[in-house]
Amino acid sequence: MNEMSTSSHAAELEASPICANAPVGMLAELTHRCPLQCPYCSNPVELERVNTELSTQAWCRVMKEAGELGILQVHLSGGEPTARKDLEEIVKAAVDAGLYTNLITAGVLLTKERLQRLADIGLDHVQLSIQDVDAENADRIGAYKGGSAKKREVAGWVKELDLALTINAPLHRQNIHNVEKIIDYAVEAGAQRLEIAHIQYYAWALKNRAALMPTEEDFMQTARIAKAAQERLKGILVIDFVVPDYYAKYPKPCMGGWGRGIMNVTPSGRVLPCHAAESLPGLTFDNVADRALRDIWLNGEAFNLYRGTDWMKEPCKSCARKEIDFGGCRCQALALTGDAANTDPACSLSENHANWAKVAREESHKPPPDFIYRRMGAKTP
Ligand code: SF4
Ligand code: FES
């Protein structure tokens, strides 16, 4: 770690009105390998290969640097993080660094013994993804036979081991009819939190948009169901309901705002302001092998490009919400308008919004095409 660059930025850290002194969280994508093939995978279309992955030692050093930087939580993610044989060592390094550890997993590769080992090391939280509550449909969406049954088993182990549990259920037109049962599933599993997140359309999901986009009527119905459940289950289950951008009035502050609270480390060590940032052309991303995390967070070119509000064009530039949503998602703005600095078309004030809402309404009323599954090594369509 470069001590010079670390200490010389202390003054500007304190002076900065824009970014916090340290990100709150770090998403550590330990590998892009995954036994599932979800058509809405948020990993980049070009996946990183196993021979480019950071070593155990390198990940342990990243955890130490994250703790020293002041990061509070590490989200151990993928692909599927349990595909790494050295997960225990990486979790130990994170625990030793004082980080709150969250394992984001599909669960299908876990054994009870391994989860017990991770709990003994100090793992705090498990975020278990489900594709649906209908086993056949779930296994079809994830292209993994038996996955649904295994996930139920894993949810039971998480509770037995007294770890905190979040169920994460990405929602789309091919499971939206089961939203009530998904809420019941989370309650029965003893989860503290349920994330019902409508798909965001970039990377693989953009290729599958027509197969995934719900109708506005179905979306409105799920919003009503989720709102009622939030009231009914107060004190039992926290439900985070993420609306589909195409039917939104205003966008979400993607990643809490670019370079404000989260940093993302890819399997090969590139440090990104968001997990899809590599879709933005012309950006250079620093690697943990070459530069200290703190220096990257403060001075990395990619982190500063869309940090704050100075980069904004109209209508964001003079909008009262610009420090609420930070213009939405840069990656979606690029994917849908060709310019990452444009207002996210999820915003009703964007000149592109009406077109994209129209596309969503049309696509969602046609029969869904077949999924294009995320397959490592397969030719990109
Ligand atoms: Fe947010 Fe920009 Fe839309 Fe205003 S114009 S609501 S800042 S995205
Ligand atoms: Fe990159 Fe939203 S996914 S800014």
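Numbers for residues simply follow the sequence, beginning at 1. Everything numeric in this text was worked out from a predicted model, so none of it was measured. Indexing begins at 1, ligand by ligand and atom by atom, following the structure's order.
Shown here are the protein N/O/S atoms lying under 2.8 Å from atom 1 (Fe) of ligand 2, water excluded: Cys274 SG, Cys331 SG. Annotation: protein N, O or S atoms under 2.8 Å of atom 2 (Fe) of ligand 1 (waters excluded) comprise Cys316 SG.
For the pair Arg209 and Trp356, the cation-pi test (distance below 6.0 Å, angle within 45°) is failed.
Salt bridge present: Lys252 and Asp245 bring a charged side-chain N and a carboxylate O closer than 4.0 Å. Comment: Arg294 does not engage Glu65 in a salt bridge, judged by the lack of any side-chain N to carboxylate O separation of less than 4.0 angstrom. Salt-bridge formation is not detected for the pair Lys112/Glu153: no Lys NZ or Arg NE/NH1/NH2 atom is positioned less than 4.0 Å from an Asp or Glu carboxylate oxygen.
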Please assess Ile196 against Ile183 for the test side-chain contact (heavy atoms from CB on, under 4.5 Å), listing each intermediate value before the final yes or no. CA-CA 9 Å; Ile196 307 174; Ile183 294 167; 4.0 Å; yes
Candidate pair Glu48 and Ser268, rule side-chain hydrogen bond (donor to acceptor under 3.5 Å, both in side chains), full reasoning: CA-CA 7 Å; Glu48 292 185 6; Ser268 67; 2.9 Å; yes
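Under the 4.5 angstrom side-chain criterion for Ile, Leu, Val, Met, Phe, Trp and Tyr, the cluster partners of Ile262 are Met255. Hydrophobic cluster of Tyr250: the remaining members, joined at side-chain heavy-atom separations below 4.5 Å, are Leu349, listed by chain and number.
For the residue pair Thr101/His125, the side-chain donor-acceptor check at 3.5 Å is not satisfied.
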